[in-house]
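Here the structure is laid out as structure tokens; the discussion comes afterwards.
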Number of protein chains: 2
Amino acid sequence: MIQFQNKEYRCSMEVTLELIGGKWKALILWHLDNNRIMRYSELKRLHPKLTQKMLTQQLRELERDGLINRKVYAQVPPKVEYSLTPWGEKLKPVLSAMCQWGNQYLKGQGLHKEPPQE
Amino acid sequence: MIQFQNKEYRCSMEVTLELIGGKWKALILWHLDNNRIMRYSELKRLHPKLTQKMLTQQLRELERDGLINRKVYAQVPPKVEYSLTPWGEKLKPVLSAMCQWGNQYLKGQGLHKEPPQE
DNA sequence: CTGTATCCGCAAGGATACTG
DNA sequence: CAGTATCCTTGCGGATACAG
């Protein structure tokens, strides 16, 4: 049994799910990984169903958990840049594996065809 | 823009999230990957907060999407075994990467320490 | 531009009872 | 054992207004 932040976990998979699970986090992290640095408005455009409230909420949690950096420029109009921390960057294997799998699944017509052998 | 099952996706990451996202699927798949074959009652014991309703629902979706097999033995009392399909097995890189990352994060005291160099 | 703050609807998910 | 079926609650997340 793992103790972490006042909660209990049965395996490290549960911890990972707690930190990058949820509806939007993996998507945000993946695009931050590709683009290195993104502004709030760029992240907002990732998906039409991603609302301001949700985006801000997810970004705050990712920041709190040490996965992304938030850099505010003291200027008008405001400018805020988001980027991955070292911990966030170590997620690359996870994220790119997810993306690759999705690609393969789509190419194989998903459901009805066996996965390709490589 | 990707079309898949009457829905639209902007990248394959979104497709993967649609198929293995959600609160329990990755955990279920990960343990199926480790144990090869698991009965319903074994899966139920994965987590105290995983209810029958949720487990059944997630299993049905995973089966519908071609990620797991469901084998029913015609006997009393009933016996049902779940296992990964070839598509499900191709998720191993994703799942083990997630598990590894969680381990590293925990060992590094998570938030406040830099990730280890390897 | 990059956010907060509220209000609020609705569907995800919990609890319970029942079944082949 | 491995589920359904049903009811009911909770809180996620949408909509809107406002601000530095």
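Letters A, B, ... are given to chains in the order of the sequence lines, protein chains preceding strands, and every chain is numbered from 1.
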*Quick one, which residues of residues 35-48 of chain A touch DNA chain C with a heavy atom under 4.0 Å?*
A:R39, A:Y40, A:S41
*What string of B, S and - do you get for nucleotides 7-14 of chain C 5' to 3' if you count protein non-hydrogen atoms under 4.0 Å?*
B-----BB
_Please find the pair of heavy atoms, one from A:T85 and one from A:I68, that lie closest to each other, and give the distance._
CG2-C, 3.4 Å
*For residues A:L43 and A:M38, report the shortest heavy-atom separation together with the two atoms involved.*
CD2-SD, 3.8 Å
*asked:* Below 4.0 Å from chain A heavy atoms, what is the first contacting nucleotide of DNA chain D and what is the last?
replied: D:dG13 to D:dG20
_Donor-acceptor contact present, side-chain A:S12 to main-chain B:C99, <3.5 Å_ = yes
*Does the side chain of A:V15 come within less than 4.5 Å of B:W101's, by heavy atoms?*
no
_d(CD, A:Q75; P, C:dG3) in whole Å_ = 13 Å
*Inter-axis angle, terminal five-pair segments of the helix from C:dC1-D:dG20 to C:dG20-D:dC1 [nearest 10°]*: 60°
*Grab the CD-P distance between A:Q52 and C:dA5 for me, whole Å please.*
13 Å
*What pair of heavy atoms forms the shortest contact from B:W24 to B:K49, and how long is it?*
CZ2-O, 3.7 Å
_Run the side-chain hydrogen bond (donor to acceptor under 3.5 Å, both in side chains) test against B:Q58 and tell me which residues pass, sequence neighbours left out._
none
*Along DNA chain C (nearest heavy atom to each residue), the more 5'-positioned of B:P78 and A:P78*: A:P78
*Angle class for the A:W87/B:Y105 ring planes (parallel below 30°, perpendicular above 60°, tilted otherwise)?*
perpendicular
*Under a 4.5 Å cut-off applied to non-hydrogen side-chain atoms, are B:E14 and A:H47 in contact?*
yes
*Can you find a side chain N or O atom of A:R70 that sits less than 4.0 Å from OP1 or OP2 on C:dG3?*
yes
*Just by distance, with hydrogens left out, do A:Q52 and A:Y40 show a side-chain donor and acceptor under 3.5 Å apart?*
no
*What are the two closest non-hydrogen atoms of A:L62 and A:L19, and how far apart are they?*
CD2-O, 4.1 Å
*Do any pairs count as a salt bridge (charged side-chain N to carboxylate O under 4.0 Å, His left out) and have a residue in residues 21-30 of chain B, sequence neighbours left out, and if so which ones?*
B:K25-B:E61
*If you look at every strand shown and take non-hydrogen atoms under 4.0 Å, does A:Y82 touch a base, only sugar-phosphate, or nothing?*
sugar-phosphate
*Minimum heavy-atom distance B:K44-B:T51, with the two atoms named*: CE-C, 4.0 Å
*Which atoms form the tightest heavy-atom contact between A:M98 and B:L17, and what is the distance?*
CE-CD1, 3.2 Å
